[in-house]
Amino acid sequence: MYSFVDAMSLTMFIPLFQIASGEGSASSTGTSDVFMQVFNYLNLKPTVNSVLLIMLFFFLLKAAFRYFDVYYRVLATSYFNKKIRSNLLSNISNLKYSKFVTLNFGTIQNSVTAEILSINNAFSQYVSVVQNIIFVLVYIGLSFLTNPKFTIIVIIGGWLSRFLFKSLYRSSQSLSYSITNENNKLSSLVLQQVTNFKYLKSTALMKNYLNKINATVDDIEKDVIVLGKTSAKVMSFREPIIVVFLLIAIYIQVNIIGGTFSSIIVILLFFYRAFGSLMSVQQSWTAFLKYVGSIVHYEKFTAELKSEKETQDGMAFEGFETNIQLKNISFQYNDKSKVIDGVSLDIPKNKTLAFVGKSGSGKTTLVNILCGLLSPTSGEVLVDSKKLKDYSIDTFRSKIGFISQETVVFNDTLFNNVTFWSPKNEANLKRFNDVIQQVDLTDFVEKAELKEDIALGDNGVVMSGGQRQRLSIARELYKNIELLILDEATSALDSQTEKFIQESVDSLKGKITIVVIAHRLSTIKNADSIVLINAGKLESQGNYNELLQISPTFAKMVSLQEL
Ligand code: ADP
């Protein structure tokens with residue numbers, strides 16, 4: 001509509017010139033008769049003033065369409081952006097854990113930030129391509145109605161110019177793929193740098209690592225420069241080529257076809273507009289191709305995520321009465337050898353069970369199977385004799401608490417960290433204060449100016465390691481859990497915190513079911529049952545004293561730790 005109204009306002013130059021120059025209505029263009037009919041129909045005298053008035057009307061209408069054009073474009077872009085972002089985030093969130101561990105973190109991060117921006121740019125450019133193609137069609141269509149022969153000559157010229165740009169377009173596309181891949185690699189390297197900052201700094205390896213990062217940056221920039229060169233070629237060659245075509249067309253129009261001054265001017269105006277739009281089509285298309293790599297990456301990545309989606313069908317889990325059983329469980333990552341090999345065991349409700357064994361023996365994998373994070377390759381997890389896989393897995397996991405040495409602290413207030421963003425009403429506040437007292441963080445809250453609303457910062461920087469551990473316990477206590485999984489710290493916590501955690505766990509003993517991945521054997525003396533895992537197999541099981549008697553391996557482990 002915008003281009004049509006624009007073309008209409010330009011067309012008004014024909015009667016304007018005719019009236020001004022006194023060419024009269026019997027001139028060679030068929031269009032001027034149409035104008036006279038329109039003037040008659042509107043009951044207007046064909047004077048300069050009335051033509052100017054109609055022109056003004058069309059230009060105002062054009063402004064209105066322009067408004068809707070820009071506004072609608074913003075709406076469409078924002079809708080598109082929201083949609084792909086939420087699509088990607090939900091695909092990542094619903095991903096199976098087993099797939100997640102195989103992903104490159106840099107790819108994930110780059111996908112949800114830089115790549116999304118690129119796709120958004122691609123969308124804008126694509127809309128612009130479509131819009132400008134419509135503009136071209138409207139201007140060319142109207143010009144065709146005015147002068148078919150001339151129009152065909154110009155169209156052929158425009159079509160031929162395409163071949164000149166084709167190879168440039170192709171190289172833009174492949175460069176764009178390679179830039180996306182390099183960017184993924186860079187994000188991953190930077191993430192690892194941040195994660196391992198302390199190590200790299202303290203061992204003076206930062207410089208070597210920085211060289212590695214810089215090499216990737218150089219690779220990217222090299223590609224960016226080549227891509228820029230290609231864009232520059234397309235942009236700079238385009239206008240002279242078009243001008244040559246246009247000059248040839250004008251030459252033919254004036255010398256071969258002939259026509260009145262007014263119709264030549266108007267057709268040139270149409271073509272001026274059409275070429276402007278055609279240039280925009282090519283420009284936007286080149287810009288679009290720059291981002292194609294991101295779109296292809298997005299498509300591939302989301303397809304990959306979707307193929308490993310965790311389903312949530314099945315019964316809702318309400319809690320269990322008797323036990324959780326592992327029945328002849330085996331597990332292997334990919335095609336590798338078995339990491340867990342035929343493990344069967346029984347975890348009675350409200351008992352404490354500890355896994356011990358050498359590093360790499362399979363303790364973490366077993367616990368991951370227990371949470372439904374990994375599906376056993378063979379065997380079955382049963383909860384009250386019902387298959388775990390028949391439950392909607394999130395309803396089961398909502399009854400699980402998890403405490404590990406890597407404390408989970410979100411950059412938010414203490415209250416939100418403990419309650420996981422529950423509404424701050426009286427009941428929730430009371431429950432919060434109760435658990436804060438249980439984990440001995442009351443002092444911390446009292447001393448804080450904002451009390452429970454104290455901001456904890458990135459990774460809980462305002463808290464000590466011990467306080468963060470306490471916060472982790474508080475969060476699990478606040479949640480109504482049935483099964484607590486404790487991945488004991490391998491690195492030493494301060495002995496007071498360690499003792500405290502031990503006491504907290506002991507105080508929960510008998511109230512909920514606890515599974516501990518134990519590294520320090522002294523902490524599991526009171527466990528109801530200790531399971532010794534060796535190379536993915538259950539080697540022996542019993543309480544502390546029983547195991548000391550029956551398992552020389554365990555006895556040896558204990559004597560080594562007591563040294
Ligand atoms: P533990 O907790 O007893 O130290 P894990 O359960 O973490 O042992 O690991 C058991 C074995 O599985 C190890 O040999 C380890 O190399 C392997 N493993 C762990 N995670 C993966 C993974 N994502 N891909 C492939 N192998 C893995």
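Order of listing sets the numbers, starting from 1, for every ligand and every atom in it.
For atom 10 (C) of ligand 1, the nearest protein heavy atom is under 4.0 Å away. Put simply, atom 16 (O) of ligand 1 has no protein non-hydrogen atoms near it, under 4.0 Å away.
Summarising the contacts of atom 2 (O) of ligand 1 with Leu366, Ile517, Thr364, the nearest heavy atom is found in Thr364. Distances from atom 3 (O) of ligand 1 to the heavy atoms of Lys338, Gln332, Lys363 show the closest one on Lys363.
Taking CD of Glu221 as the start and CD1 of Ile179 as the end, the distance is 8.5 Å to the nearest 0.5 Å. Residue Ile481 holds its CD1 atom at 12.0 Å from CZ of Phe402, rounded to the nearest 0.5 Å.
Of the heavy atoms in Val339, only side-chain atoms (C-beta onward) come closer than 4.0 Å to ligand 1. Heavy atoms from both the backbone and the side chain of Thr365 come within less than 4.0 Å of ligand 1.
In this structure, Gly360 counts as a contact residue of ligand 1, since one of its heavy atoms falls inside 4.0 Å of the ligand.
Each of the following atoms of ligand 1 lies closer than 4.0 Å to a heavy atom of Lys358: 3 (O). Which parts of ligand 1 touch Ser359 is read off a 4.0 Å heavy-atom cut-off, strictly below it: atoms 4 (O). For ligand 1, the atoms lying closer than 4.0 Å to a non-hydrogen atom of Val101 are 23 (N).
Judged by the 6.0 Å distance and 45° axis criteria, Arg431 is positioned over the aromatic ring of Tyr478. For the pair Lys424 and Phe415, the cation sits on the ring face: its NZ or CZ lies under 6.0 Å from the ring centre, inside 45° of the axis.
Ring-centre distance between Phe396 and Tyr391: not below the 6.0 Å cut-off. Taking the centre of each ring, Phe123 and Tyr291 stay at or above the 6.0 Å mark.
Ion pair Lys430/Asp434 flagged as a salt bridge, since at least one NZ, NE, NH1 or NH2 atom sits closer than 4.0 Å to an Asp/Glu carboxylate oxygen.
Summary of contacts: the protein heavy atom closest to atom 8 (O) of ligand 1 is Gly362 N, 3.2 Å. Nearest to atom 18 (N) of ligand 1 among the protein's heavy atoms is Tyr333 CE1, 3.3 Å.
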Residue pair Ser178, Asp223: steps toward the side-chain hydrogen bond (donor to acceptor under 3.5 Å, both in side chains) verdict
CA-CA 8 Å; Ser178 107; Asp223 278 353; 2.4 Å; yes
